[in-house]
Amino acid sequence: MTAGESGGGLEARIGQWRAYLRRRQAIHEVDVEELEDHLRGQVATLVAAGLAEDEAFLVAVRRLGSLDELSREFGREHSERLWKQLVSAPSATRGSGNPARTEVLVVFCLAGIAALAVKTPELFGLRILGPEGDAGFYARNFSLFVLPLLAGYFAWKRRSSMAGWYRLVLPFIAAGAFANAYPFLPGGATEWLTTLHLPIALWLVVGMAYAGDRWHDAAGRMDFVRFSGELFIYYVLIACGGGVLTAFTMGMFAAIGLKVEWLAGGWLLPCGALGAVIVGAWLVEAKQSVIENMAPVLTRIFTPLFVLVLLAVLGTMIWTGRGIAVERNLLIGLDLLLVLILGLLLYAASARDPQAPPDAFDVLQLLLVLCALVIDVLALAAITARISEFGFSANKVAALGENLLLLVNLAWSAWLYGRFLLGRGPFAALERWQTAYLPAYSWWAGLVVVLFPPLFG
């Protein structure tokens, strides 16, 4: 290892990388400066996300390797050193104590608190496996057992100010009040809408804690979008492992003649489901840039499949002359499908070089957006006809608002994507629009939680 490698410090590392590039005859000084600007920007973003400077440099070099062959060669020549530093424990010279060990302790304490929080209402006679009223209470408050802790983890990690903590705490207090103050009819429409929309509204607060001071920047919101997708993937993987563990536990007790369904339904599933959110978030934070993000890769796989499905659905509707039925479960499923399509668009944008010219995948993305736009228009027509015939109800008004939001997003996304494909606008405009529009969904969800119970009874 050379003195430059062992000397430490961000500037020393960048100087070594810069000297490596300058030794190559094929690269000019102006190119080195441009690449260095890009490298420093990547490092700054990763440090703001919570990585130490040396880790941020190593990850930024790896990211740059996807754009520049020389940086890729640099990474290969230093692969052994890079790998050892990425996977080894942080050095004690970074400060007092071991920051990584402290974070692990904080994460698992928060996961344990979330697991215990969901059992606390049982002290007051509310049981997860109890009557319908108790089930409604847990459904409405499920997100409140874990999302405040997740937001607190990010606020602690980003070293938020006291004012920042207040901005996070107050929305959760208000959410808890509105979720429990109204006299909900068990299984009623407004209770169901509160259950569905409260996590959407509170996820905006988690995003503000995650991005910190960068929330008002498009790049900060896009980082939160990436995090959300990665967390979903990690959570599914953890859930699969938890399902196997639960099945194994029940099978082992059954083998000795004991039935422990109460253990699975009352403890393992609810406690594990909440604790896994905190652990999954920590895994995304710890590995977010050491390995390639999985969500954009899955986007490349599933975008063509969703295009085929939507084209098949639209073709069938035209062939049979059948419209979209206005039923609650169908509308929820349809809205989830449209949101998933927007997610595919977002993650494709997050993995794309904004300066690259249009390609065949961009055409496929535009076709996906147009198909989703047609589906949304047909759903809005069906909802409007149903309202004009039978009047307003909580479910129909909620679906109307959500589909109008999706209509605006999809329509303007299609316009911006079309301009990009025709060479009349930059791709960055589409990314800025998508990230700026995200809070609209949470604001609508908050209105549903706050206003719909008193309006619709």
Side-chain angles (χ1 to χ4, degrees), residues 110-111 113-152 168-209 228 231-232 235 239 265-278 281 328-329 331-333 335-336 339 393-402 439 441-457:
L110 290 175
I113 293 172
L116 293 176
V118 74
K119 300 298 294 182
T120 301
E122 293 194 0
L123 299 176
F124 304 92
L126 297 170
R127 300 192 175 278
I128 296 177
L129 302 179
E132 185 179 7
D134 291 359
F137 168 83
Y138 280 98
R140 294 195 311 272
N141 290 276
F142 212 69
S143 58
L144 288 169
F145 293 131
V146 65
L147 293 189
L149 298 172
L150 182 59
L168 297 178
V169 170
L170 292 178
F172 286 111
I173 293 176
F178 284 112
N180 296 284
Y182 294 126
F184 291 102
L185 180 68
T190 53
E191 182 180 53
W192 170 253
L193 289 173
T194 297
T195 300
L196 189 64
H197 288 81
L198 187 61
I200 300 173
L202 294 181
W203 196 242
L204 176 67
V205 185
V206 175
M208 295 170 65
S228 301
L231 174 59
F232 175 76
Y235 189 83
W267 285 89
L268 295 180
L269 292 180
C271 295
L274 294 182
V277 175
I278 307 293
R328 185 178 73 176
N329 293 337
L331 287 176
I332 292 173
D335 287 344
L336 289 177
V339 170
S393 70
N395 288 329
K396 290 195 283 286
V397 174
L400 179 66
E402 287 151 11
Y441 297 106
S442 291
W443 281 110
W444 173 251
L447 290 176
V448 171
V449 172
V450 174
L451 298 180
F452 275 44
L455 286 176
F456 293 97

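Values reported hereafter were calculated over all heavy atoms of this structure, with side chains retained and with hydrogens, waters and symmetry mates removed. Keep in mind that this is a model prediction, so the values were computed, not measured.
Here the shortest heavy-atom pairing between Pro453 and Phe184 reads CG-CE2, 3.8 Å. Residue Glu191 comes nearest to Gly136 through the heavy atom pair OE2-CA, 3.5 Å, listed as atom of the first residue, atom of the second, then distance. Among all heavy-atom pairs drawn from Ala281 and Leu150, the shortest one is CB-CD1, 3.4 Å. Nearest heavy-atom pair across Leu274 and Val118 is CD1-CB, 3.4 Å. When all heavy atoms are compared, the tightest approach of Phe456 to Ser393 is CE2-C, 3.6 Å. Nearest heavy-atom pair, Arg140 versus Asn180, reported as atom, atom and distance to 0.1 Å: NH2-OD1, 3.7 Å.
The shortest distance between side-chain heavy atoms of Leu198 and Leu144 falls below 4.5 Å.
How far OG1 of Thr190 is from CG of Leu185: 7.5 Å, rounded to the nearest 0.5 Å. Rounded to the nearest 0.5 angstrom, Leu147 CG and Phe142 CZ are separated by 10.5 Å. From Leu451, atom CG reaches atom CG of Leu193 across 12.5 Å, with rounding to the nearest 0.5 Å. Atom-to-atom distance recorded for Asp335:CG and Leu196:CG is 9.0 Å, nearest 0.5 angstrom. Atoms CG and CG, from Asn141 and Leu126 in turn, are 9.5 Å apart once rounded to the nearest 0.5 Å. One distance of note links CH2 of Trp203 with CE of Met208; it measures 14.5 Å at 0.5 Å rounding.
Heavy-atom neighbours of Tyr235 OH from other residues, nucleotides or ligands within 6.0 Å: above the threshold of 12. Summarising the local packing, CH2 of Trp444 is surrounded by more than 12 heavy atoms from other residues, nucleotides or ligands at distances under 6.0 Å.
Looking at Lys119, its side chain does come within 3.5 Å of a backbone N or O of Gly266 through a donor-acceptor pair.
Ring-plane geometry between Phe178 and Tyr182 is classed as tilted, the angle between the planes lying from 30 to 60 degrees on a 0 to 90 degree scale.
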For Thr120 and Phe145, run side-chain contact (heavy atoms from CB on, under 4.5 Å): C-alpha distance rounded to whole Å, both residues' side-chain angles, the deciding distance at 0.1 Å, then the answer. CA-CA 10 Å; Thr120 301; Phe145 293 131; over 6 Å; no
